[in-house]
Number of protein chains: 2
Amino acid sequence: MAAAGEAQDAVDWEVLQILALVGDKWSLLVIGKLRDGPQRFGELQRGVRGISQRMLTLTLRKLERDGLVNRTVQAAVPPRVDYRLTVLGESLLGPVLSLVQWAVDHRDEIVEHRSHHDRP
Amino acid sequence: MAAAGEAQDAVDWEVLQILALVGDKWSLLVIGKLRDGPQRFGELQRGVRGISQRMLTLTLRKLERDGLVNRTVQAAVPPRVDYRLTVLGESLLGPVLSLVQWAVDHRDEIVEHRSHHDRP
DNA sequence: CTGGATCCTTATGGATACTG
DNA sequence: CAGTATCCATAAGGATCCAG
């Protein structure tokens with residue numbers, strides 16, 4: 001009977017998918033910024049503190065590939081490129097925000113425990 | 001008026017805290033395994049597919065330091081060490097599972113979009 | 001059984017310069 | 001403006017050996 005093991009593997013797969021989507025430093029911050037609505041490349045870079053041009057590009061490419069973000073180019077001079085959350089991307093907002101809310105609710109507890117652990 | 005910027009920074013801080021807690025490959029899997037109840041080091045290593053001894057140790061140390069996991073040693077030969085989720089750790093389960101549920105609900109959509117993006 | 005120490009390879013990401 | 005390309009430093013992580 002390998003049903004239990006297979007079920008566990010399935011769960012693991014989902015978890016790893018989540019991490020592949022938003023488990024890096026920038027994806028969640030970019031998605032969070034895009035909550036404000038469609039934005040241009042430059043707006044995003046100014047909005048997400050500390051992100052480099054390179055990482056913004058890589059992050060947007062990944063989010064686009066995974067279907068969370070939509071990229072629209074308007075051929076003009078100077079060029080204008082807008083990024084917006086897709087329906088799929090917006091559907092991710094709920095679960096993510098509940099996690100953020102958890103962090104808000106427990107930040108003091110975490111910080112407290114961490115310092116207490118360093119100096120018992 | 002810098003209130004908006006400060007609020008955004010606060011949100012960013014929470015997001016980065018989440019990533020520091022569970023944004024790595026193994027933390028979520030270990031937490032997921034600990035849902036089954038308190039377990040020994042060896043059980044965890046067998047339960048979390050592919051984790052090395054080193055990474056299990058490091059992950060558990062981090063989770064312990066952040067107050068998500070409790071470590072109890074029973075002096076004996078051979079030594080026995082049990083790990084269990086703390087109350088704080090269990091409170092994280094809800095938000096995390098809603099995220100997992102999201103991945104379950106949209107896995108087909110994600111896979112489909114990904115392959116479609118590779119071959120347009 | 002639990003887990004620390006070391007070596008070594010790869011992945012990540014910042015800085016910078018250049019292009020349509 | 002919106003990238004692409006390159007170089008380089010650091011971090012992450014696997015394999016292995018050793019010890020209480």
Side-chain angles (χ1 to χ4, degrees), chain A residues 12 15-31 33-34 36-66 69-85 117-118, chain B residues 12 15-31 33-34 36-66 68-85 117:
Chain A
D12 287 357
V15 170
L16 293 178
Q17 285 302 306
I18 295 172
L19 292 177
L21 286 174
V22 297
D24 59 293
K25 182 175 178 181
W26 299 116
S27 291
L28 278 183
L29 296 177
V30 169
I31 290 174
K33 254 313 175 207
L34 283 173
D36 302 343
Q39 288 169 70
R40 307 180 56 171
F41 188 92
E43 293 180 79
L44 281 172
Q45 188 169 10
R46 281 187 302 276
V48 180
R49 310 265 295 202
I51 195 171
S52 65
Q53 193 176 51
R54 168 188 154 88
M55 288 316 296
L56 181 54
T57 299
L58 290 179
T59 301
L60 287 171
R61 291 287 174 276
K62 195 194 68 170
L63 294 177
E64 190 192 0
R65 173 188 138 100
D66 290 334
V69 161
N70 203 287
R71 178 174 182 268
T72 58
V73 185
Q74 300 175 38
V77 180
R80 178 190 180 98
V81 181
D82 284 275
Y83 294 91
R84 67 164 62 223
L85 288 179
H117 192 270
D118 291 345
Chain B
D12 288 355
V15 170
L16 294 178
Q17 285 301 305
I18 295 173
L19 292 178
L21 286 174
V22 298
D24 60 290
K25 182 175 178 180
W26 298 117
S27 292
L28 277 183
L29 295 176
V30 169
I31 290 175
K33 198 71 182 73
L34 282 173
D36 302 344
Q39 290 169 69
R40 307 181 57 172
F41 188 91
E43 294 179 78
L44 281 171
Q45 188 169 10
R46 281 187 301 276
V48 180
R49 311 266 296 202
I51 195 170
S52 66
Q53 193 177 56
R54 169 187 154 85
M55 288 317 295
L56 181 54
T57 299
L58 292 179
T59 301
L60 287 171
R61 291 289 173 275
K62 194 194 70 170
L63 294 177
E64 190 193 358
R65 174 187 139 99
D66 289 335
L68 301 181
V69 161
N70 202 286
R71 179 173 181 268
T72 59
V73 185
Q74 301 176 38
V77 179
R80 178 191 178 96
V81 182
D82 284 275
Y83 294 91
R84 69 163 61 223
L85 288 180
H117 191 271

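Predicted model, so just to flag it, every value in this text is computed and none were measured. We use all heavy atoms of the structure for the numbers below, so side chains are in, but hydrogens, waters and symmetry mates are not. Here is the naming used below: chain letters follow the sequence lines, and residue numbers restart at 1 for every chain.
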*With the side chain of B:Phe41 defined as its heavy atoms from C-beta on, choose the nearest nucleotide among D:dG3, C:dG14, C:dG3.*
C:dG3
*Side-chain contact, heavy-atom cut-off 4.5 Å: B:Val30 with B:Val69?*
no
*Can you tell if the side chain of A:Arg71 reaches within under 4.5 Å of the side chain of A:Leu60, non-hydrogen atoms only?*
no
*Length of the line joining A:Leu29:CG and C:dG13:P, which is rounded to integer Å*: 12 Å
*Within the side chain of B:Lys25, is there an N or O that forms a donor-acceptor pair under 3.5 Å with the backbone of A:Leu16?*
no
*Rounded off to whole Å, could you give me the CG-to-C1' distance for the A:Asp24 and C:dT12 pair?*
10 Å
*Separation of A:Asp82 atom CG from D:dC1 atom P, in whole Å?*
14 Å
*Atom CD of A:Gln39 to atom C1' of D:dC1: distance rounded to whole Å?*
16 Å
*Is the shortest side-chain N/O distance from A:Arg61 to OP1 or OP2 of D:dT4 below 4.0 Å?*
yes
*Residue A:Tyr83, side-chain heavy atoms: nucleotide from D:dG3, C:dC1, D:dC1 that is nearest*: D:dG3
*Heavy atom of residues 45-58 of chain A under 4.0 Å from DNA chain D: which residues?*
A:Gln53, A:Arg54, A:Thr57
*State, with a plain yes or no, whether a side-chain heavy atom of A:Leu63 is found less than 4.5 Å away from one of A:Tyr83.*
no
*Figure out the CZ/P separation between B:Arg71 and C:dC1, and round it to whole Å.*
16 Å
*Side-chain donor/acceptor of B:Gln39 to backbone N/O of B:Lys33, under 3.5 Å*: yes
_With a cut-off of less than 4.0 Å, is there a side-chain N or O of B:Arg80 near OP1 or OP2 of D:dG20?_
no
_Among A:Leu28, A:Leu29, A:Asp24, exactly one meets side-chain contact (heavy atoms from CB on, under 4.5 Å) together with B:Leu19. Which residue is that?_
A:Leu28
